[in-house]
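Quick notes on the structure that follows.
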There are 2 protein chains.
Amino acid sequence: MGLVAIKNHLKSVDTSSLVDKVEANLVELLQQRKLKVGDSIPKEIELAEQLGVSRTVIREALLRLRMMGLIESRKKKGAVITNPDVFGIISKSMNPHILDQDTLKGIFEIRLVLEIGMADFLFQRITKADIDELKEIVSKEPTATEHHLFNIDHEIAFHGKLYEITGNETLKKFQKMLLPVFDYVHHSGLLKKQTQEKKFVSHKGLVDILENGSPELFRNAMRNHLENHFLRLFS
Amino acid sequence: MGLVAIKNHLKSVDTSSLVDKVEANLVELLQQRKLKVGDSIPKEIELAEQLGVSRTVIREALLRLRMMGLIESRKKKGAVITNPDVFGIISKSMNPHILDQDTLKGIFEIRLVLEIGMADFLFQRITKADIDELKEIVSKEPTATEHHLFNIDHEIAFHGKLYEITGNETLKKFQKMLLPVFDYVHHSGLLKKQTQEKKFVSHKGLVDILENGSPELFRNAMRNHLENHFLRLFS
DNA sequence: TTTTGTATTATGTATGACATAATAAAAATA
DNA sequence: TATTTTTATTATGTCATACATAATACAAAA
């Protein structure tokens, strides 16, 4: 039997650690038992006995689940099932100082993609009250002479409200997570210098379209509104 | 001094655990020291001594960093800095069986947002070779009579290629993470039944636009292409 | 020079102990 | 009785120590 023949017969050996197995075991448990949020799982010691491993291993596996947002462990009560907050979890590793340049730039781009692509959901779910609120925000738009920070706050208020209107909580959380990174990239030397702060479609223009226009119009308007960002990426 | 006055003077007490502090400490270390990928950090025992806590605490903090994708610990060598794979990390908690309905639906929607909003990046970065590859994929489109699974594979191949063309690795990873969830939602009873599988803009139509059209045209075409999905959400 | 064996070492796992905080139960007070 | 205060209880949080295991470096052998 030649070498190749041997290789083909070799199954890759299970190299996973004990903790890996316990983790998988527990995740499966959560899925199968259809445990509701708030239900509690067995105590660490009980799990250790049942699965035949030390409490150390159990703790480490539980810790992983906790980091995945699947459980919350509280003293005395033990661990309870929670609704995993998908994006809340990685917020911590969403640290501009740690991410590499490509990722940072990628995240910058993703925001642009989202805001252009969300048009249909905006039009589907926007209410009169939303429009009023947007107008209110726009009316408080800082003048060009005012401090830079006011502008940032205003930007966040306006665009954040848009995410809110989509009615998609997950999307909103996603934005909240991306925001600091976007801001960092915007102000770092990572992108080309903004040659000129041209004014394209304004916030007010966007609101007008939300009130009287269509998703198609809005997408193009938003694309135009974000032109300065695109210029820094493409030119 | 009344109760309210007292309350206002009370600073919220630091309730964070030892592990929390050590974790923060280590993250800060990573940021400050400008450690390159591949650099290794001190051994667990050394860290324990330096920070004045037990190895248990250190291990738990390191585990968190590991889950955040900041480090990779390997036997003998110790922990080394890694490039955090922002989305790879949460893939594990991206389990359709564990996420609640709202989140699932939200993720379904996000995919639609992304594919409509990515137009500008497609046009900016697409190459002749990409178009050829897309045409190749389209040419292999399964007929309506063929098995359902072929269709799914084809869908994934085509749309996956689009993400690839954007040149945004982070976006691509994001899609890879969302894909199983999207698929799950699509085939679960979570959304309204698809009354009729209408054919709108085809894959071929999209490629034509990529070759000869504009981002604006593409956005509208993609919106139309995804009409069946939108119908299930909105009607 | 390449392979094979050996020693080293840092993480992985196990065990036992105590601290701490959240809860439940009991006791005291109105 | 209802409400507050005290006290036990208990499960997680932390510590310390010991040994297993696997990855690496180094020496020895071919």
Side-chain angles (χ1 to χ4, degrees), chain A residues 2-3 6-7 10-27 29-30 35 37-82, chain B residues 3 6 10-26 29-30 35 37-82 92:
Chain A
L3 182 60
I6 290 176
K7 272 191 178 168
L10 281 176
K11 288 176 187 170
S12 65
V13 122
D14 178 23
T15 174
S16 63
S17 70
L18 265 182
V19 178
D20 291 331
K21 287 165 192 152
V22 171
E23 179 197 343
N25 219 317
L26 290 176
V27 169
L29 180 83
L30 297 197
L35 296 170
V37 172
D39 289 353
S40 62
I41 62 179
K43 296 166 280 189
E44 291 177 355
I45 296 180
E46 287 175 14
L47 286 173
E49 283 171 3
Q50 277 180 252
L51 298 180
V53 295
S54 74
R55 195 181 147 215
T56 310
V57 172
I58 296 290
R59 274 186 67 78
E60 203 162 320
L62 286 178
L63 175 55
R64 290 191 188 175
L65 299 198
R66 208 154 68 220
M67 288 224 67
M68 290 192 271
L70 299 183
I71 63 171
E72 245 173 40
S73 38
R74 311 170 59 164
K75 294 200 173 183
K76 167 82 180 184
K77 257 229 155 170
V80 297
I81 313 279
T82 60
Chain B
L3 184 59
I6 291 177
L10 280 176
K11 287 176 188 168
S12 63
V13 130
D14 179 21
T15 174
S16 63
S17 69
L18 265 180
V19 178
D20 291 329
K21 287 164 192 154
V22 171
E23 178 197 343
N25 219 318
L26 290 176
L29 180 83
L30 297 198
L35 297 169
V37 172
D39 288 353
S40 60
I41 62 179
K43 297 167 277 190
E44 292 177 354
I45 295 180
E46 287 175 13
L47 285 172
E49 282 171 3
Q50 278 182 255
L51 299 180
V53 294
S54 74
R55 198 182 144 213
T56 310
V57 172
I58 296 290
R59 274 185 67 76
E60 205 163 317
L62 286 178
L63 174 53
R64 291 191 188 175
L65 299 199
R66 207 155 67 220
M67 290 221 68
M68 292 191 275
L70 298 183
I71 62 170
E72 247 173 37
S73 34
R74 310 169 58 164
K75 294 199 174 184
K76 166 83 179 181
K77 258 232 155 169
V80 298
I81 313 277
T82 59
K92 277 193 178 179

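Chain A is the first sequence line, chain B the second, and so forth, proteins listed ahead of strands; every chain is numbered from 1. Keep in mind that what you see is a predicted model, and the values were worked out from it rather than measured.
Atoms CZ (A:Arg64) and C1' (C:dT13) sit 13 Å apart, rounded to a whole Å. Atoms NZ (A:Lys21) and P (C:dG12) sit 14 Å apart, rounded to a whole Å. Rounded to whole Å, the distance from CG on A:Leu51 to C1' on C:dT13 is 15 Å. When rounded to the nearest whole Å, the span between CD1 of B:Ile58 and C1' of C:dG12 equals 16 Å.
With contacts defined as side-chain heavy-atom distances shorter than 4.5 Å, the pair B:Val19/B:Arg64 qualifies. Counting heavy atoms from C-beta outward, A:Arg59 and B:Glu60 have side chains that approach closer than 4.5 Å.
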Using the side-chain contact (heavy atoms from CB on, under 4.5 Å) rule, take A:Glu72 and A:Arg66 through it: C-alpha gap first, then chi angles, then the decisive distance, then the call. CA-CA 6 Å; A:Glu72 245 173 40; A:Arg66 208 154 68 220; 5.5 Å; no
Show each protein N/O and nucleotides 11-15 of chain D N/O combination with a separation under 3.5 Å, one pair to a line.
{"from": "D:dA11", "atom 1": "OP1", "to": "A:Lys43", "atom 2": "NZ", "distance (Å)": "3.0"}
{"from": "D:dA11", "atom 1": "O4'", "to": "A:Lys76", "atom 2": "O", "distance (Å)": "3.3"}
{"from": "D:dT12", "atom 1": "OP2", "to": "A:Glu44", "atom 2": "N", "distance (Å)": "3.1"}
{"from": "D:dG13", "atom 1": "OP2", "to": "A:Arg59", "atom 2": "NH1", "distance (Å)": "2.9"}
{"from": "D:dG13", "atom 1": "OP2", "to": "A:Arg59", "atom 2": "NH2", "distance (Å)": "3.3"}
{"from": "D:dG13", "atom 1": "N7", "to": "A:Arg55", "atom 2": "NH2", "distance (Å)": "2.9"}
{"from": "D:dT14", "atom 1": "OP1", "to": "B:Leu18", "atom 2": "N", "distance (Å)": "2.8"}
{"from": "D:dC15", "atom 1": "OP2", "to": "B:Ser54", "atom 2": "N", "distance (Å)": "3.2"}
{"from": "D:dC15", "atom 1": "OP2", "to": "B:Ser54", "atom 2": "OG", "distance (Å)": "2.9"}

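The minimum heavy-atom distance between A:Leu47 and A:Pro42, with the atom names listed, is CD1-O, 3.7 Å.
Every residue meeting the side chain to side chain contact (heavy atoms under 4.5 Å, CB included) condition with B:Glu49, not counting sequence neighbours, appears here in chain and number order: B:Ile45. The side chain to side chain contact (heavy atoms under 4.5 Å, CB included) search around B:Leu51 returns B:Val22, B:Asn25, B:Val53, B:Ile58, not counting sequence neighbours.
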